[in-house]
Every structure is written in structure tokens, then in C-alpha cells.
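This report refers to the structure that appears directly beneath it.
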2 protein chains.
Amino acid sequence: MPKPSLIEDNLASQDCADCPIRHRAVCARCESDEMEALEEVKYYRTFQAGQTVIWSGDRMDFVASVVTGIASLTQTMEDGRRQMVGLLLPSDFIGRPGRQTAAYDVTAISDVVMCCFRRKPFEEMMVRTPRIAQRLLEMTLDELDAAREWMLLLGRKTAREKIASLIAIIGRRDAELRLRSTGNDLTFDLPLTREAMADYLGLTLETVSRQISALKRDGVIILEGKRHVTVPDFDRLLEEAGDDTDGGLLV
Amino acid sequence: MPKPSLIEDNLASQDCADCPIRHRAVCARCESDEMEALEEVKYYRTFQAGQTVIWSGDRMDFVASVVTGIASLTQTMEDGRRQMVGLLLPSDFIGRPGRQTAAYDVTAISDVVMCCFRRKPFEEMMVRTPRIAQRLLEMTLDELDAAREWMLLLGRKTAREKIASLIAIIGRRDAELRLRSTGNDLTFDLPLTREAMADYLGLTLETVSRQISALKRDGVIILEGKRHVTVPDFDRLLEEAGDDTDGGLLV
DNA sequence: TGTTCGCTTTGACGTGGATCAACCCAATGC
DNA sequence: GCATTGGGTTGATCCACGTCAAAGCGAACA
């Protein structure tokens with residue numbers, strides 16, 4: 001291969017300096033205009049808020065990553081109890097090389113743009129280009145860490161701590177994406193409905209609502225409308241979240 | 001490299017037919033006797049039940065996999081609340097290439113033998129030998145799936161369902177390891193104390209004890225002593241666990 | 001201006017699991 | 001034999017969160 005193909009280039013490279021999304025792998029703005037030629041292998045799909053991307057058990061012959069918007073992975077029990085098991089933010093990967101059916105329901109929470117690769121060529125490419133497997137391994141390990149943090153939250157935290165944790169997580173991700181300096185005064189939108197938060201946290205939506213009201217009443221957060229949050233003191237929020245804050249660094 | 005080194009051979013190969021542990025990567029019985037020469041890179045360590053393998057935050061300059069025994073990954077909050085976030089059974093991997101401090105406490109639950117590789121040479125090898133990254137990716141994705149199943153358990157299942165799920169998981173793993181046919185009558189030992197089960201399930205040990213008693217009273221399991229379990233009807237157990245059992249296959 | 005529709009909030013009440021405390025039991029040591 | 005120790009069980013009580021029900025509120029639309 002004299003010149004790496006566009007896909008390889010997109011997925012193998014680490015960072016993209018001139019756009020707010022960290023990995024070129026998933027950065028739409030880094031595209032050249034050779035795109036159309038690759039329509040067969042790489043393509044974009046958009047989903048509206050609330051739309052289901054794929055159902056658990058469905059055949060899935062692509063892998064993808066989120067370009068913009070937010071999507072969720074959820075598991076559902078027969079009687080309807082639901083638990084979110086993954087929150088897909090821009091740059092997150094979805095689909096598993098080597099598996100052809102989806103293991104979870106994937107739902108667009110906001111409007112979502114996804115960058116998809118057909119699975120077969122993607123897998124072939126993985127064999128040819130070792131950096132991709134390594135990059136994917138890195139991303140998967142990050143996800144595993146996040147899942148384990150999440151398990152602590154689900155298993156041991158109180159409702160109040162869960163809410164505080166979620167707000168902290170979203171605030172942090174938001175700050176990262178915007179490359180804002182992590183000052184002590186954050187302001188951002190909650191991209192989730194109360195119900196989605198409940199699914200995330202293993203609570204009911206009523207409890208979510210009550211605890212948000214409580215945090216507001218206690219001055220931990222300031223709410224404008226139902227979605228817009230200002231955090232006057234991030235350390236205070238982390239304290240409420242029960243997080244280990246050895247100088248702000250999570251070990 | 002004319003001949004692959006022993007490490008590569010051990011880690012790159014897929015299955016080992018003639019031993020009960022699935023991956024040669026971690027199978028002590030597959031060793032040749034060239035072992036000593038590699039003492040610097042690959043070595044074995046044993047831990048007694050209850051012994052701490054490594055503390056969260058400690059420097060960790062090896063990666064390892066479990067050969068025999070059971071260990072746990074746990075996270076602890078400042079006030080002492082504890083949540084198990086990983087259960088390491090034979091063939092499971094521990095440590096993260098590219099990270100030099102442990103993110104979780106690792107504790108031996110039973111006596112454990114680990115097969116360790118010094119991190120630096122291991123990482124170099126990963127670059128040289130693409131199959132290893134691919135193999136590791138596969139294993140990490142499996143772990144991620146397990147973590148997500150676990151999240152459903154922590155977030156949405158009742159105490160009784162949690163216990164039933166745990167017994168099912170252990171029973172299944174046990175059956176796999178022994179290559180027994182998965183008949184409908186399993187018998188095995190619970191390798192965990194009530195406290196460790198509580199840490200796994202996000203419960204207190206009292207609740208664990210009560211629910212085990214309840215399952216016993218209701219004939220879902222039969223207990224001999226405190227540890228030895230017989231499951232007269234595995235499907236019944238799965239039902240109690242709230243698991244989706246479309247013909248026994250988990251999607 | 002009113003009407004409907006989603007989402008959210010708030011209240012009243014019940015309950016599953018935590019907490020606190022006692023006790024059991026088998027293994028170990030003297 | 002007796003004491004000790006560590007895991008396990010069981011009971012009584014409490015409270016955080018789920019459940020059920022009603023009402024609030026902004027957006028879209030007529």
C-alpha cells in the first residue's frame with residue numbers, strides 16, 4: 001500500500017489539532033473531498049432524537065462512531081425494567097468487530113450523526129493495519145474503566161450522590177469537548193431527559209427529579225429552565241458525588 | 001526474529017486443546033522447560049486467600065493473567081463503601097498496557113497463581129506482534145460485555161435476583177472450566193464469602209445471607225454446609241435471576 | 001386564547017433492603 | 001475440656017427510594 005487509504009488514515013491517526021473532537025477517527029470536519037469514492041465502505045447516517053439506531057439482537061453489519069450528538073446503549077428485562085449501560089458521546093465507538101448481531105439497544109438521545117464503516121472491510125483493514133487494533137484496544141480499555149466507575153455508582157452510591165456524579169461527568173465531558181479551561185464555574189446543558197438520567201443511574205425519574213430539586217435548593221447547582229445547569233463550585237459538586245478528590249485527580 | 005519468543009507464543013496463540021484452561025496465554029501446563037531463561041520477563045507469583053495483590057494507586061510495572069484461583073478488583077470510597085468491579089477467574093487478564101499505576105485494589109479471594117510479564121517488554125512485544133493487541137482487544141470486549149451485564153444487575157435487579165444471577169454466573173463458569181456437559185443438574189462450590197458476594201452485588205452481607213436462605217427454602221438451590229451448592233433446575237434459577245432466556249441463549 | 005402533548009415536579013404512602021444487635025457454629029489453639 | 005475467632009444466620013427496626021396519583025408548565029398548534 002503506497003498511500004494509506006482514507007479510512008485507515010481516519011482511524012489510525014491519534015489527534016486532530018484543529019477541531020473540538022479529539023480523534024480524527026471520528027471527526028467529520030477533518031474530511032477531505034475524496035469522500036464520495038468510498039461511499040461503499042464509509043458513510044454517514046443521521047438519526048433524530050428518540051429514534052432507535054438498532055435493536056438488541058438485530059443483524060449489524062457495520063461499526064460506527066459518533067460524530068455529533070448523544071446516543072445510549074440500554075438493556076431491557078422482559079418486564080420492562082431498563083438500564084443504560086453505555087452513553088455514547090462524540091468520538092465514542094459502537095459495534096464489535098467479529099460480532100454480527102447487536103448486543104444492546106442503541107437509541108439516539110439527541111439528534112445524532114454517525115460515521116459508519118461496513119464491517120467486513122473494516123475487519124480486513126484491522127488485520128492489515130495493526131495501529132487500528134491498538135487504538136481500538138485503548139478506547140475499549142477507557143470504556144471499561146468508565147463502566148467500572150459506573151458500577152461503583154450503581155452499587156453503592158445514594159440517589160443524591162448519583163445525580164451529583166452524573167452532573168459532574170457531563171460537565172467534565174462538556175468542558176473537555178469545548179477545550180474550555182476547567183475553571184471553577186461551569187455552565188452547560190443536560191443533554192438527557194429525567195427518564196434517561198433515571199435509566200443511567202438505576203433510579204426512577206421521580207427520584208431523579210426530587211434530587212435535582214434538592215441539589216438546586218442547597219445551592220450545589222443553579223438551574224435555568226429544566227436543562228441548563230450552572231455549577232458555581234465544582235469541588236463542592238464532586239464532594240456531593242462522593243468522589244475521591246485527591247486534589248481533583250481521579251486515580 | 002526467526003523464531004517467536006516464548007512469550008509471544010504463549011500470548012498470541014488462541015486455544016490450548018489439552019488443558020482445561022482455554023487460552024495458552026495463561027495456561028501453566030503448556031509451558032516448556034525453557035522457562036528459566038525468561039525469568040526476567042515472565043514469572044509466576046502466588047498469593048494466599050485474602051492477600052492483597054496490589055493497591056489502587058500503587059506503581060504497577062507488570063501485567064498478568066490468572067492461572068488458578070480467584071481474585072477481585074474492588075473500588076473503595078473514602079467512607080469505606082466498597083464495590084467489586086471485576087471478578088478475575090483463570091484466564092482473565094489484569095493490568096493495562098500504557099498505564100503504570102493500578103486503578104483498583106486487587107485481592108486474592110482464594111489462593112491464586114498469576115503469570116506475570118514485565119510491562120515494558122510486554123508493551124514492546126505488543127507493537128511487534130499485532131496478534132497480541134487483537135487478542136487483548138477481544139478479551140477486553142468480553143470483559144466490557146460482562147461489565148454491562150453486571151450494570152443491569154446492579155441498577156435494576158432485586159436482591160433475590162442478584163443472588164440468583166451470581167449463583168448462575170459462577171455455576172456456568174464452573175461448568176465451562178470443567179468442560180462438563182451443561183446438564184440441568186449442577187453442583188459446585190461458591191468460591192466467595194458472603195461479604196465478597198455482597199461487594200459483588202451491591203448489597204450487605206446480611207441481605208445476601210437472607211436471600212440465600214430464601215432460595216434454599218424455596219428449593220431453587222440446595223446447600224450443603226455454607227459453600228457447596230447444588231442447582232436442581234438451572235432454568236428455574238435463571239428465571240429467578242430475571243435473565244432473558246430465549247432458549248437459554250443470552251443475546 | 002384555549003387545547004393538547006411531553007416532560008417535569010410534587011405529594012402521600014408503602015416497602016425492600018440497610019442497620020444494629022444478638023446469636024450460631026465449626027475450626028483452631030491451649 | 002474451654003476460650004477464641006471468623007464466618008454465617010436471624011430478628012427487630014428504620015428510612016431511602018419506589019409507587020401511585022395529581023398537578024404544573026412550556027411548546028406547538030388551531
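Residue numbers start from 1 in every chain, and the chains themselves are labelled A, B, ... in the order their sequence lines are given, proteins ahead of strands.
The two residues Pro232(B) and Gly219(B) come nearest to each other via the heavy atoms CG-O, 3.8 Å. Of all non-hydrogen atoms in Asp105(A) and Ser56(A), the two that sit nearest each other are OD1-N, 2.7 Å. When all heavy atoms of Arg172(B) and Asp243(B) are compared, the pair lying nearest together is NH2-OD2, 4.4 Å. Nearest approach of Ser165(B) to Leu153(B), heavy atoms of both residues: CB-CD1, 3.6 Å.
Contact annotation for Leu203(A): backbone-only contact, meaning every heavy-atom pair under 4.0 Å involves sugar-phosphate atoms and none involves a base.
Across the interface with DNA chain C, nearest-nucleotide mapping of Gly202(B) and Ser209(A) shows Ser209(A) to be the residue nearer the 5′ end. Heavy-atom distances to DNA chain D give each of Thr193(B) and Gln211(A) a nearest nucleotide, and the one nearer the 5′ end belongs to Thr193(B).
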Can you give me every donor-acceptor pair (side chain of residues 140-147 of chain A, partner residue at least two apart or in another chain, under 3.5 Å) with its distance?
| from | atom 1 | to | atom 2 | distance (Å) |
| --- | --- | --- | --- | --- |
| Thr140(A) | OG1 | Leu136(A) | O | 2.7 |
| Asp142(A) | OD1 | Arg96(B) | NH1 | 3.1 |
| Asp142(A) | OD1 | Arg96(B) | NH2 | 3.1 |
| Glu143(A) | OE2 | Arg148(B) | NH2 | 2.7 |
| Asp145(A) | OD1 | Arg99(B) | NH2 | 3.4 |
| Asp145(A) | OD1 | Tyr104(B) | OH | 2.8 |
| Asp145(A) | OD2 | Arg96(B) | NH1 | 3.2 |
| Asp145(A) | OD2 | Arg99(B) | NH1 | 3.1 |
| Asp145(A) | OD2 | Arg99(B) | NH2 | 3.0 |

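Bracketed by its first and final contacts, the part of DNA chain C lying under 4.0 Å from non-hydrogen atoms of chain A reaches from dT8(C) to dA12(C) in 5' to 3' order. Protein chain B contacts DNA chain D from dG8(D) to dA12(D), reading 5' to 3' and using non-hydrogen atoms of the protein with a distance under 4.0 Å.
Under the 4.5 Å side-chain criterion, counting only non-hydrogen atoms from C-beta, Thr187(A) is not in contact with Val231(A). Ile94(B) places a side-chain heavy atom less than 4.5 Å from the side chain of Val106(B).
Each of Ile170(A), Leu237(A), Asp189(A), Leu223(A) was evaluated against Val229(A); a single residue qualifies, Leu223(A), per the side chain to side chain contact (heavy atoms under 4.5 Å, CB included) test.
Within residues 214-227 of chain A, no residue has a heavy atom under 4.0 Å from DNA chain D.
By the salt bridge (Lys or Arg N to Asp or Glu O under 4.0 Å) test, Arg45(A) pairs with no residue at all, sequence neighbours left out.
Among pairs with a residue in residues 144-166 of chain B, those fulfilling ring pair (Phe, Tyr, Trp, His ring centres under 6.0 Å) read Trp150(B)-Tyr200(B), at least two apart in sequence or across chains.
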